[in-house]
Structures are given as structure tokens and as C-alpha cells.
Amino acid sequence: MKVFKFGGASVNSSSAVKNVADILIQYKDDNILTVISAMGKTTNALENLALEYFKKTDKKEGIYDDVKEYHLTIINELFTDKTHQIYTNISDIFNTLYKKIITSPTDNFDFEYDQIVSFGEIISTKIVSNYLSYKNIKNKWIDAREIIRTDLTYREGKVDWSFTESCIQQNILPLFSKNKENLIISQGFIGGGRGNHTVTLGREGSDYSAAIFAFGLNANEMTIWKDVPGLLNADPKFFKDTHKLDTISYREAIELAYYGATIIHPKTIKPLQNKNIPLFVKSFMNPENAGTIISNIENSDDIIPSFIFKQKQALVSISPKDFSFIAEDNLSEIFNIIAENQIKINLMQNSAISFSICMDADNRHFDKLIIDLQQKFKVKYNNNLDLITIRHYNQSIIDKIVSNRKILLEQKSRVTAQIIVEN
Ligand code: ASP
Ligand code: MG
């Protein structure tokens with residue numbers, strides 16, 4: 001059994017959807033569950049729609065129309081039979097979305113966000129599933145919200161693992177084992193909380209969804225189909241000379257994702273590692289190429305240095321107002337405030353009387369964090385910074401990367417160097 005994940009770029013046009021169908025045909029003898037993201041940049045558009053809806057502006061109709069138009073164009077190009085059920089199917093879904101955006105929002109933005117943004121995945125999977133059937137590729141569409149159970153942390157749902165695992169084993173596994181189905185199509189990014197509310201798993205969360213399914217199914221392998229040949233040692237947006245990593249360990253992959261390599265969602269590796277399920281990262285343009293294999297094999301990870309650039313970083317320095325030391329009591333208070341504001345720390349460091357954290361400057365809880373910290377501490381921050389992480393570094397690489405930019409903070413472990421520089 002295999003689990004596949006196709007991201008937004010792999011289904012961003014009618015020809016892209018056809019390409020996905022071509023790949024799935026190659027695997028027609030396998031049992032496959034495939035998770036699919038929203039098409040192209042739909043999630044960004046729906047994010048704006050949620051925002052305008054919440055702010056009650058008149059921009060929402062225009063955004064809604066654009067999203068609808070985009071999908072209708074793709075459908076028109078895929079289905080020459082204009083009486084096909086997909087036309088009413090999709091128009092029903094858009095009507096539901098429209099009804100939603102003309103009702104008054106609650107005062108919980110994160111809740112409203114999830115109810116709206118999740119439409120992207122529902123629409124894309126309906127289109128792909130119908131298209132596959134249209135091309136005689138038998139498949140079954142499954143609503144991930146009925147399978148992946150989360151708590152009610154909207155926009156960052158925490159998975160209820162035992163419920164989800166037994167749900168997968170009771171509802172999905174039998175479909176495969178009784179040979180009733182061998183291709184299941186479901187959504188990435190979305191789950192369901194108690195009371196049938198849609199909860200999303202965090203941006204770019206479809207990789208994580210695929211790993212959750214792989215875990216529950218005890219899959220033999222999982223593949224993320226990307227628009228790059230595999231996992232690269234640097235983001236081609238910033239470096240012209242990149243190398244593909246052929247095989248890396250779970251440990252290395254989780255470190256790279258943690259430091260911000262955007263190719264895999266950071267939560268993806270743990271469920272796979274826990275069940276020893278290898279992860280392939282392959283190109284949907286060249287599906288026959290090997291790509292990258294991530295597995296438990298500890299190999300010579302240290303040969304190629306990897307670079308991770310995180311832009312728009314803020315360095316926040318926190319010090320007690322009374323010149324006392326940064327000690328356990330202060331630290332626990334600081335960490336409480338950080339946790340309450342759901343802040344992810346990208347790097348931290350302390351001195352006698354100050355504690356510094358590096359975080360994403362565009363984090364939506366940033367202002368609230370600063371206000372909360374200021375109740376008790378003196379707070380200074382700087383927010384137009386880059387955080388550069390180099391795995392398997394050496395000094396000449398650091399010098400080359402930093403060149404003549406001003407360094408604000410530098411931290412090194414045996415394998416990882418992290419440097420905060422002015423933009
Ligand atoms: N569609 C969602 C997003 O763009 C989830 C994903 O693509 O992984 O964030
Ligand atoms: Mg995506």
C-alpha cells in the first residue's frame with residue numbers, strides 16, 4: 001500500500017490534472033491513497049476571501065468570482081461532456097460557499113478561516129476524482145474531515161491520533177483489503193473536530209495529512225510529488241547552484257524541515273519515522289526519476305552542506321525590568337507567554353540579563369506577544385532580518401554566505417550553524 005501527495009502546483013491547470021491521472025495510471029496495480037491540495041494558489045485566494053468576509057467588506061464577491069472562474073475554466077477543459085455531473089457538483093459546492101459568505105461571521109476569525117479555506121481542497125479533490133472516473137480510472141472520494149479527527153484549535157488542529165488511527169483502520173483499510181477499491185482520493189490540510197466543524201492543520205499541511213494516512217494504514221511507502229526533482233540542499237530561489245540529496249535519514253529531514261526548508265511540512269516526518277515508512281520526494285514532471293528517499297538509513301548525510309534561508313525574521317530581546325538575572329522563574333514566565341501566543345521560536349539565546357528569540361516577523365500573534373511581554377519585561381526588537389541555517393557547515397561556507405552583511409547573532413552546534421543577519 002502506498003500513500004501519495006499531490007500539492008497545489010501539481011493540479012494548477014487542466015494539463016496538470018491530466019498529468020496526475022497519467023502518473024496514477026502507472027500505479028494501477030497498487031493500492032493507493034492519494035491526498036490532494038487545493039489547486040494552484042487557491043488557498044491564498046480563499047485566505048483573502050476569509051479576511052474580507054470577516055471584515056465585512058465588499059471585496060469578498062470579487063474574490064469569490066475569481067476562485068469560481070478559475071475552477072470552471074479547468075473543468076471546462078477537462079470535461080468535454082457538458083452534461084457531466086461535475087458541473088452540478090461543483091456549482092453546489094460553490095453555492096454552499098456563497099451562502100456562507102453572505103451570512104454574518106462569528107467573532108472567531110480562526111474558525112471562520114477554516115470553514116472557508118477548506119473549500120479549496122474539497123473542490124480540487126472532487127474535480128480530480130471525477131476526472132479520473134471520466135477517464136475510466138476507478139477511484140473513491142473520501143472526506144478527510146470524517147477520518148482525521150482534531151481538537152478545536154482552528155488553523156492549527158492537533159490530531160487525535162488514537163481516534164484517527166482506528167478510524168482509518170475501520171473505514172479505509174477494509175476497502176483495500178476486500179479489494180473493493182484500489183485508489184482512494186482524499187484531501188490534504190483538513191480534518192474535523194467534534195461537532196462536525198472543519199479544522200485545518202496549518203498552511204502547507206497536506207504533506208502532514210498524507211503522513212497521517214500513511215501512519216494509520218501502515219503504508220509501505222509514501223511519495224510527495226513535487227515540481228522539483230527531489231529534496232535539494234538549498235532553495236533554488238536563493239541559490240543557483242543546488243544539488244539534489246539522493247538519500248537522507250529521517251533525522252536529517254526533520255532537522256532541515258525544522259529549520260525551515262519549505263519542501264516538507266515539519267510535522268510530516270515523525271509519523272513516518274514512528275512506523276518506519278520510507279518517504280520519496282519525486283518530480284511530477286519526471287515521475288520515472290529517482291528523486292530523494294528519506295528513510296531510517298543513517299548515511300553520510302554530512303557530505304553536502306544544506307542551506308536554509310528564512311526571511312522576514314524578528315529578533316526579540318527580553319530583559320527583566322529590575323535588572324535581575326534571566327533565571328528559571330523568568331524563563332518559565334517568558335515561555336508561558338510565548339506558548340499562549342502560539343509562537344514558534346526559530347532560534348533562542350540568553351545572556352545574564354537578557355533572553356533573545358528569533359521568530360517570523362509576520363507571525364499574526366507578533367503584536368500581541370510584544371504587548372504581553374511588556375507587562376513584565378523590557379522588550380526590544382529588530383524585524384527586517386534573515387536567518388540563515390547551514391547544516392554541515394565549515395567556516396569558508398559561512399563567510400561566503402554571509403559575505404559583508406552585518407551579523408546580529410551567531411550560534412553553532414557540531415553540525416548546524418545559524419546566523420541572523422541584517423537584510
Ligand atoms: N492548500 C494548503 C496550502 O496551500 C495546504 C497544502 O497545500 O499543503 O497551504
Ligand atoms: Mg500547497
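Counting from 1, the numbers follow the sequence of the chain as shown. All values reported here derive from a predicted model rather than from experimental measurement.
- Scanning both residues, Gly7 and Ser37, for their nearest heavy atoms gives CA-OG, 3.3 Å.
- Lys158 NZ: more than 12 foreign heavy atoms inside a 6.0 Å radius.
- For the atom pair Leu33 CG and Leu175 CG, the distance stands at 10.0 Å (nearest 0.5 Å).
- Heavy-atom neighbours of Lys321 NZ from other residues, nucleotides or ligands within 6.0 Å: above the threshold of 12.
- With Glu121 contributing its side chain and Phe189 its backbone, the two residues share no donor-acceptor pair below 3.5 Å.
- Put simply, the side chain of Ser10 reaches to within 4.5 Å of the side chain of Phe284, judged on heavy atoms.
- With hydrogens and angles ignored, the 3.5 Å screen pairs no side-chain donor or acceptor of Ser324 with any backbone N or O of Pro320.
- One distance of note links CD1 of Ile401 with CZ of Phe238; it measures 11.5 Å at 0.5 Å rounding.
- Pairing each heavy atom of Leu46 with each of Gly120, the nearest pair is CD1-N, 3.3 Å.
- Annotation for Glu288: atom CD counts as buried by contact number, over 12 foreign heavy atoms lying within 6.0 Å.
- With no hydrogens or angles considered, a side-chain donor-acceptor pair links Tyr98 and Glu61 at under 3.5 Å.
- Under 3.5 Å, the side chains of Ser354 and Ser319 contain no donor-acceptor pair of N or O atoms.
- Lys310 places none of its side-chain heavy atoms less than 4.5 Å from the side chain of Thr389.
- Checking Asn341 against Asp372 by side-chain atom types alone, a donor-acceptor pair falls below 3.5 Å.
- In terms of heavy-atom proximity, Asn95 sits nearest to Tyr64 at N-OH, 4.2 Å.
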**Study point:** CA sep, side-chain torsions, deciding dist, call: Ser283, Asn289, side chain to side chain donor-acceptor pair (under 3.5 Å)
**Key:** CA-CA 7 Å; Ser283 158; Asn289 291 359; over 6 Å; no
Practice item. Apply side chain to side chain donor-acceptor pair (under 3.5 Å) to the pair Arg149 and Thr164, showing each step before the final yes or no. Key: CA-CA 6 Å; Arg149 168 62 73 91; Thr164 303; over 6 Å; no
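- What you find for His392 and Glu252 is that their closest heavy atoms are NE2-OE2, 3.1 Å.
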Practice item. Mind running side chain to side chain donor-acceptor pair (under 3.5 Å) on Glu255 and Thr416 for me, showing each step along the way? Key: CA-CA 9 Å; Glu255 294 279 359; Thr416 310; 5.3 Å; no
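- Side-chain contact between Ile147 and Ile168: present, with at least one pair of heavy atoms (C-beta onward) separated by less than 4.5 Å.
- Looking at Thr103, its side chain does come within 3.5 Å of a backbone N or O of Lys100 through a donor-acceptor pair.
- By the 6.0 Å contact criterion, CZ on Phe239 is enclosed, its count of non-hydrogen atoms from other residues, nucleotides or ligands being greater than 12.
- The shortest side-chain heavy-atom distance between Asp360 and Lys344 does not fall under the 4.5 Å cut-off.
- Classified by interplanar angle (parallel below 30°, tilted 30° to 60°, perpendicular above 60°), the ring pair His197/Tyr154 is perpendicular.
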**Study point:** Chi angles and distances behind the salt bridge (Lys or Arg N to Asp or Glu O under 4.0 Å) call for Asp207, Lys226
**Key:** CA-CA 11 Å; Asp207 298 345; Lys226 300 281 297 185; 5.6 Å; no
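- Within 6.0 Å of atom CZ in Arg364, more than 12 heavy atoms from other residues, nucleotides or ligands are found, so the atom counts as buried in its surroundings.
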Would you mind writing out the side-chain donor-acceptor pairs for residues 271-278 within the sub-3.5 Å range, not counting sequence neighbours?
from   : atom 1 : to     : atom 2 : distance (Å)
Asn274 : OD1    : Lys270 : NZ     : 3.4
Asn274 : ND2    : Lys270 : O      : 3.2
Lys275 : NZ     : Glu165 : OE2    : 2.7
Lys275 : NZ     : Phe215 : O      : 2.9
Lys275 : NZ     : Asn218 : OD1    : 2.9
Asn276 : OD1    : Asn296 : ND2    : 3.1

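- From Leu369, atom CG reaches atom CG of Asn363 across 8.0 Å, with rounding to the nearest 0.5 Å.
- Between Lys244 and Asp246 there is a salt bridge, since at least one side-chain N of the basic residue sits less than 4.0 Å from a carboxylate O of the acidic one.
- Remark: the Gln395 side chain and the Asp399 side chain contain an N/O donor-acceptor pair separated by less than 3.5 Å.
- Between the side chain of Asn384 and the backbone N or O of Asn423 there is no donor-acceptor pair closer than 3.5 Å.
- The residue from Ile390, Ile308, Leu347 that alone fulfils the side chain to side chain contact (heavy atoms under 4.5 Å, CB included) condition with Gln418 is Leu347.
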Exercise for review: Decide ring pair (Phe, Tyr, Trp, His ring centres under 6.0 Å) for Phe366 and Tyr381; before the verdict, give the C-alpha distance in whole Å, the side-chain angles of both, and the deciding distance to 0.1 Å.
Suggested key: CA-CA 11 Å; Phe366 184 81; Tyr381 62 88; 5.1 Å; yes
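- Here the shortest heavy-atom pairing between Glu410 and Gln349 reads O-OE1, 4.0 Å.
- Two residues are said to be in side-chain contact when any heavy atoms from C-beta on lie closer than 4.5 Å; Asn233 and Thr242 meet this criterion.
- To the nearest 0.5 Å, the span separating CZ on Phe280 from OG1 on Thr247 amounts to 11.0 Å.
- Between Glu156 and Lys267 there is a salt bridge, since at least one side-chain N of the basic residue sits less than 4.0 Å from a carboxylate O of the acidic one.
- The side-chain heavy atoms of Ile90 and Phe94, taken from C-beta on, include a pair separated by under 4.5 Å.
- In this structure, CD1 on Ile63 lies 5.5 Å from CG on Leu49, to the nearest 0.5 angstrom.
- By the 30° and 60° cut-offs, the orientation of the rings of Trp225 relative to Phe6 is parallel.
- With Thr292 contributing its side chain and Leu245 its backbone, the two residues share a donor-acceptor pair below 3.5 Å.
- Using a 4.5 Å cut-off on side-chain heavy atoms (C-beta onward), Thr43 and Arg203 make contact.
- The residues Lys18 and Asp22 are annotated as not salt-bridged, no charged nitrogen and carboxylate oxygen being separated by less than 4.0 angstrom.
- Atom CD1 of Ile185 and atom CD1 of Ile127 lie 13.0 Å apart (nearest 0.5 Å).
- Using a 4.5 Å heavy-atom threshold, the side chains of Ser209 and Leu201 count as touching.
- A side-chain donor from one of Gln313 and Asn346 sits under 3.5 Å from a side-chain acceptor of the other.
- Between Phe213 and Phe4, a ring centre-to-centre spacing not shorter than 6.0 Å is recorded.
- Note that Lys126 lies in the cation-pi zone of Trp141, set by a 6.0 Å cut-off to the ring centre and a 45° limit from the axis.
- For Lys312, the NZ atom sits in a loose shell: 12 or fewer heavy atoms of surrounding residues, nucleotides or ligands are nearer than 6.0 Å.
- The minimum heavy-atom distance linking Ser186 with Ile142 is given by the pair OG-O, 2.9 Å.
- Judged purely by atom type and a 3.5 angstrom limit, Asn220 uses its side chain to pair as donor or acceptor with the backbone of Met1.
- Side-chain atoms of Asp143 come within 3.5 Å of backbone N or O of Arg145 as a donor-acceptor pair.
- Remark: of the listed residues Thr200, Thr150, Asn108, Thr200 is the sole one forming a side-chain hydrogen bond (donor to acceptor under 3.5 Å, both in side chains) with Asp114.
- Looking at Lys41 and Asp66, no side-chain N of the basic residue comes within less than 4.0 Å of a carboxylate O on the acidic one, giving no salt bridge.
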